[in-house]
Structures are given as C-alpha cells and as structure tokens.
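Accompanying notes for the structure given below.
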Amino acid sequence: MNHLLVCGSVGAGVTRVAAARPFSVWSSALAFVAFLCLAGRPAAAVTIDFSGLPTEQTALLQVAGADITATAANGAPGLVSVLNFNGLGVVGGGSDFFLGSTEVLRFEFTSFLAGDVIYRTNNIGNGDGDGFLGEARVEAFDFLGGSLGTFDTNGLGDKAVSAAFGNLPIRSFTISPLDNDSQIIAELSFNEITSFDVRWDRPDSGSWSSASNWFPETVPFEFSNVFIDPVASVTVDGPATATDVNSLQIGGGLGTATLDLGGAVITALSRNVTIAANGVLTGDGGIDANVENHGEIVAENVTVLGTITNHGIVRGGTVGAAKIAADLENAADGEVRVGNGERLLLDGAAHTNAGRIEVIAGEAEFRGSMTNSPDGEIVARNATLRFDNGLANAGQVFFSFGTSDVFGDITNTPTGSLINSGGGNVTFYDDIVNNGEVRTSSGAQSVFFGGYTGTGALTGAGSSFFEGGFSPGASPFLATASTDVSFGFTNVTLIELAGTTRAAGAASEYDGLDVTGGKILSLDGTLNVVLIDDVAPGYMPQAGDSFLIFTAASILGDFHTVNLPTLAADLNWLIGNDGRSYSLSVVAVPLPGGLWLLLSALGGLLLRRRV
C-alpha cells in the first residue's frame with residue numbers, strides 16, 4: 001500500500017480522507033510515507049491511499065491552515081512526479097503558514113529500503129531575507145533508524161540525498177528549514193533496494209548477533225547479502241533466534257571462515273547460500289535455502305531446508321548426531337568423506353552421487369533414496385553403509401580389505417559394479433537386483449543374506465555365499481559365476497521353467513547357473529522349481545523333457561528340501577547330480593511309484609532319484 005501521511009498542528013486524532021478523484025497506480029511492493037511533524041504539538045494525520053487507482057489529481061486538502069496539494073503522475077514505481085508542499089500560500093494556497101526551524105518534513109520508506117533518492121525544489125519560500133532561497137537541512141537514517149548524518153541545501157534544483165551519504169541504503173530522511181525558510185518539493189524519485197552487502201568486519205571470531213562485528217554496523221537482517229570472508233581464520237557463532245537474510249556466503253577470503261550454527265534457522269530469502277573456498281558450515285541449526293558448497297560442510301546437526309549441491313567436501317563427524325538433514329547432489333568434483341571413527345547421517349528424501357563417497361573405518365547412513373550415477377564412486381573399507389531407502393547403482397562401489405557391512409536394497413544397473421577386492425569380507429544384508437556386475441576378487445568373500453536376482457554376472461575368483469535367496473533374473477535366465485558359489489542352509493533357490501531350450505542369458509527358456517573357471521558349487525537349503533508361461537502360455541513339461549540347471553567343476557552337497565511342480569498323472573521328475581551337473585528330467589512312469597524306486601535302485605541309478 002502506498003501512503004502520503006501528513007502531520008499537522010490541529011488537535012489529536014486521525015482523519016482518513018477519501019480521494020475525491022483517484023490517484024496513480026504504484027507498485028504494490030512499495031509503501032511511501034511522508035510526515036509533516038510540528039514539534040511540541042498534538043498531531044493530526046491525513047492519509048491519502050494511492051494503491052490500485054489510476055492517474056488523477058487530488059482535491060485540495062486543508063491541514064491546520066496549510067494548503068497541501070499532492071499529485072502523483074502515472075509513471076514508473078518509485079517516482080512521485082509532482083509532490084507539492086505549500087508553505088507560504090504558494091501552489092493553490094491562501095495560507096500564511098510556513099515551516100519553522102523546529103519543524104520537520106519526514107519521508108519514510110516503510111516496506112523497503114531506498115537508494116538514489118533525489119528530490120527537486122522549484123517553488124520556495126524564504127522568511128529570513130538573507131538572500132539564500134530555500135535553505136534546508138537534510139538528515140538521513142539507515143535501515144535500523146540510526147542517523148547517517150546531515151547536509152545543508154540552498155536554492156533550487158536537485159538534492160541528491162543518497163549520494164550525500166555514500167549511497168548507503170536509506171530507510172527515511174527528513175527536511176527541516178533553516179532560518180524559517182520553506183521548500184516546495186516538486187519531484188521526489190528513488191529506487192527500491194531489495195538487498196545490500198553486510199560483511200564480517202572483525203579480525204577474529206565472534207558472535208553473529210553482535211552488530212559491532214559487521215560492516216555496516218548492524219546485525220544481518222532481511223535485506224542483507226551476508227559475507228563471511230575474512231583475511232584471517234575465524235569462527236562465527238550463529239544466531240540463537242530465527243534470522244532472515246537476503247543471501248549468505250561463507251568463505252572466499254584468505255582465511256578459513258567457519259559458521260557454527262547456534263540452534264536457530266537462517267533463512268535466505270533469495271534461496272541462495274554459497275559456501276566458497278575456505279568456507280565451513282557446521283553446528284546445530286538450520287539453513288532455509290539451497291546451498292552450493294565449494295568449501296566444507298561438517299556433520300553435527302545441520303539442517304538444510306533445500307538441496308545441497310556439493311562441489312567441495314561433506315565430512316562426517318564425531319559430535320552430536322553427526323547429522324546433515326538435506327537432499328544431497330554430490331557433483332563430479334564433490335566428495336563425501338567419513339574417516340576413522342566418524343559417522344555421517346544424511347537425512348533427506350533423495351540423494352545423488354556423481355563424485356566420490358569415501359567411508360574408511362566409519363559409518364554412513366543415507367535416509368532417502370541414493371542414486372550412484374555412472375561416474376559416481378562409493379569407496380568403503382572396514383565400513384558400515386546403510387541405504388535406508390535403497391541404492392540405485394549405475395556407477396562403481398568398491399570394497400577392500402577388512403570387514404564391511406551393507407544394509408539396504410541395492411539395484412545394480414547394467415553399468416553398475418559392486419567390487420570386493422584385496423581380501424575384503426563384505427556382507428549384504430538386504431535384497432540385491434544385479435543387472436550389472438558383482439565382483440568378488442581372489443581371496444575376497446561376499447555374503448548375501450537378502451534375496452539375490454538379476455541378469456548380471458558374478459565375477460572374480462573369490463567366494464560368494466547365498467543365505468537368503470538366489471533366483472536368476474529375466475524370467476527365465478541362464479546366469480554365470482566365476483567365483484565359488486555356496487547356497488547356505490537357509491537359502492531358497494528359485495528356478496523357473498518356461499521351455500526346454502538352454503541358451504546364454506535371456507535366450508534360455510529356463511533358469512540355470514553355470515559356475516565357470518574350475519570353481520565349486522556347494523548346495524544346501526531349499527530348491528523351489530516353478531512353471532511359468534513367459535515362452536508358451538500354459539506351459540507343461542512332457543515326457544522326455546530335460547533341464548540342465550547347474551554346472552560346475554565340482555558340485556558338492558545337496559538341497560535338504562526340493563519342491564517341484566505337479567506333472568501329469570503318468571509323469572514323474574527325475575533329479576540327476578553327477579558331481580559336475582545337476583539336472584531335472586521328466587519320465588513316464590507306468591509302474592507304481594514304490595516299485596519304480598526299487599527298480600531304479602537295483603538298476604544302478606544311484607545318482608538319480610525320482611520325486
């Protein structure tokens with residue numbers, strides 16, 4: 001709302017004057033107030049509301065004998081094109097009233113700060129006869145109401161208020177006549193300032209909340225572009241109460257600048273917070289904005305109500321919850337580092353990694369989904385990784401030496417690799433869909449307690465242990481492994497049959513596993529065999545059909561439970577295991593089942609059994 005407010009010399013009270021004819025439209029973001037204050041007397045106020053009205057001139061207004069005509073021409077916001085204050089009966093007047101030396105005309109910008117403030121005088125009154133026309137004193141005030149100083153004017157022409165005070169943002173200014181002179185303001189122009197720079201001005205550490213630590217000397221507020229970029233290394237203790245600024249930059253100077261959040265939230269109204277080189281964000285508190293990090297963010301209990309785009313380093317910590325609550329976009333040049341004994345809890349809805357995440361003898365937990373892009377790397381040694389909402393891996397995840405534990409479902413895309421090398425021992429506790437590569441190099445061991453499926457390969461020369469479930473993917477699919485493979489007692493192996501053609505990969509019409517490179521397949525647990533109709537609707541095996549399910553240089557052990565699909569009444573399953581291949585066959589059984597078993601045994605079919 002845009003107002004002209006005039007204080008006069010009549011009795012106390014406020015009168016709102018409706019415009020006889022409408023006025024110009026000003027920007028709704030602006031509010032302009034002028035006060036004519038007569039010292040030592042009760043004040044009355046006349047308010048003219050300019051908002052939402054077209055260009056016209058107001059009727060004459062009478063206040064304490066002073067005729068005041070206000071006209072707002074249709075123009076750009078921030079321009080009053082004829083604003084006449086009649087002091088000596090000039091401009092439609094009949095009054096002999098003028099501004100005395102103890103009286104003040106005040107202009108206040110109530111919902112914004114002003115810059116490039118200029119007013120022009122044309123009609124002037126002079127009461128002292130000293131030869132100088134329109135003598136006046138101007139005093140300007142900053143955003144907190146503090147005086148910026150004064151300057152004196154004489155005569156007609158433009159009066160540049162902002163320039164006289166170093167172009168600092170102005171909240172208000174006053175005009176007081178000298179020697180009983182009177183000025184008539186013909187035009188007032190200004191531009192709205194949405195922000196200005198406030199910079200840390202102390203050579204050492206200190207409190208955000210102390211005005212003396214900043215230049216200009218003010219605690220940062222909603223119009224402030226805040227810069228903490230000292231020459232020497234400092235730590236700024238963050239505000240204890242919620243604070244609005246326009247923008248915030250930490251670092252960028254010669255010294256290390258650390259903002260240690262102090263329990264409150266700093267809101268950047270522009271949504272821009274930058275951590276520059278040599279900048280560090282840590283502590284217990286929040287940033288309500290998007291954060292672009294080229295410095296460091298150290299986990300303690302930091303909340304970012306937006307996205308962190310990391311081109312620098314995000315570090316784990318040992319203090320407090322070691323938590324960063326935010327969505328993380330780790331760019332190609334970004335790193336997340338969790339060192340020996342450190343923790344990192346990254347709590348957000350969704351995270352992406354195109355750079356590197358290192359967890360060395362530490363623990364990292366990712367709440368929300370995690371996507372590792374094709375160029376992304378996750379490196380772990382003696383580490384605990386928790387992907388609470390799963391990991392979609394299109395890049396590389398490396399494990400080496402020591403023992404590492406991985407929690408959370410993993411989907412390995414065709415470009416994704418999970419690599420365990422250097423004699424590492426890695427345990428995956430939840431489900432894995434491997435459509436890429438899971439490599440267990442020589443001397444390394446990988447244990448899978450969740451379900452394992454997918455069209456990817458098990459590579460390397462180490463050992464793979466399955467204790468949860470094993471099911472070749474693509475329904476059906478012929479999988480390969482170059483590691484030793486062990487199915488544990490609790491493992492459930494699922495084999496799907498849709499036809500009799502055995503071929504590589506997805507070309508196969510039934511599931512199978514080939515263990516290559518002279519490696520061993522150890523059987524235990526449960527084998528479930530089911531029929532599917534992915535190849536032919538209503539598929540049902542016939543007599544003479546056979547299925548080579550597993551091959552290896554050596555097959556040890558056996559399943560303790562085998563569940564096979566029901567066949568036609570005159571058909572039975574025959575299981576064959578010769579120590580190098582494991583197969584299923586369908587045979588016609590004209591004899592009763594008990595007699596068939598007896599004849600099979602007597603006939604030397606010791607490696608084949610009918611189910």
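Keep in mind that this is a model prediction, so the values were computed, not measured. Count residues from 1 along the sequence.
- Under the ring-ring contact (aromatic ring centres under 6.0 Å, His included) criterion, no residue pair touches residues 224-246, with sequence neighbours excluded.
- Scanning for side chain to side chain donor-acceptor pair (under 3.5 Å) contacts around N272 gives an empty result, with sequence neighbours left out.
- Atom-to-atom distance recorded for T500:OG1 and E509:CD is 6.0 Å, nearest 0.5 angstrom.
- I520 pairs by the side-chain contact (heavy atoms from CB on, under 4.5 Å) definition with D484, S522, S554, L556, not counting sequence neighbours.
- At least one donor-acceptor pair under 3.5 Å links the side chain of N353 to the backbone N or O of E377.
- Side chains of L391 and N372 form a contact here, defined as non-hydrogen atoms less than 4.5 Å apart.
- The salt bridge (Lys or Arg N to Asp or Glu O under 4.0 Å) test applied to E335 returns R337, not counting sequence neighbours.
- Donor-acceptor pairing under 3.5 Å is lacking for the side chains of T307 and D327.
- Not a single salt bridge (Lys or Arg N to Asp or Glu O under 4.0 Å) links K519 to another residue, sequence neighbours left out.
- Put simply, CD1 on I432 and OG1 on T411 are 9.5 Å apart, with the number rounded to the nearest 0.5 Å.
- Among residues two or more places apart in sequence or in another chain, the side chain to side chain donor-acceptor pair (under 3.5 Å) test is passed with Y510 by none.
- In the model, S212 has a side-chain atom that pairs as donor or acceptor with a side-chain atom of S210 under 3.5 Å.
- Residue N293 holds its CG atom at 9.5 Å from OG1 of T309, rounded to the nearest 0.5 Å.
- Relative to the six-membered ring of F407, R386 meets both conditions, a distance below 6.0 Å and an angle of at most 45° to the axis.
- Sorted by first and then second residue, the ring-ring contact (aromatic ring centres under 6.0 Å, His included) pairs with a member in residues 372-394 read F366-F387; sequence neighbours excluded.
- Counting only N and O atoms by type, the side chains of N435 and T455 include a donor and acceptor under 3.5 Å apart.
- The salt bridge (Lys or Arg N to Asp or Glu O under 4.0 Å) test applied to D405 returns no partner, not counting sequence neighbours.
- In summary, the side chains of T440 and S446 do present a donor paired with an acceptor at a separation below 3.5 Å, with no hydrogens or angles considered.
- For N213 and R202, the side-chain atoms include at least one donor-acceptor pair closer than 3.5 Å.
- Annotation: the span from N225 atom CG to S195 atom OG amounts to 3.5 Å, rounded to 0.5 Å.
- Distance check: S583 OG to L548 CG gives 6.5 Å after rounding to the nearest 0.5 Å.
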Distance-only criterion, 3.5 Å: show the donor-acceptor pairs between side-chain atoms of residues 461-473 and protein atoms not counting sequence neighbours.
from : atom 1 : to   : atom 2 : distance (Å)
S464 : OG     : T483 : OG1    : 3.0
E467 : OE1    : T490 : OG1    : 3.2

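- Shown here are the salt bridge (Lys or Arg N to Asp or Glu O under 4.0 Å) partners of D514, two or more places apart in sequence or in another chain: R502.
- Taking OG1 of T318 as the reference point, atom CG of N340 lies at 11.0 Å (rounded to 0.5 Å).
- Between L523 and I555, the closest heavy-atom pair is CD1-CG2, 3.7 Å.
- Residues passing the side chain to side chain donor-acceptor pair (under 3.5 Å) test with D430, sequence neighbours excluded: none.
- Listed by first and then second residue, the ring-ring contact (aromatic ring centres under 6.0 Å, His included) pairs involving residues 316-362 amount to none (not counting sequence neighbours).
- There is a side-chain donor-acceptor pair under 3.5 Å between T493 and N491.
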Next on the checklist: Checking E437 against T459 for the side chain to side chain donor-acceptor pair (under 3.5 Å) test, could you report, in this order, the C-alpha distance in whole Å, the side-chain angles of both residues, the deciding distance, and whether it holds?
Outcome noted: CA-CA 7 Å; E437 176 189 19; T459 66; 2.6 Å; yes
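- For the 3.5 Å distance criterion, the side chains of E496 and S475 qualify, holding a donor opposite an acceptor.
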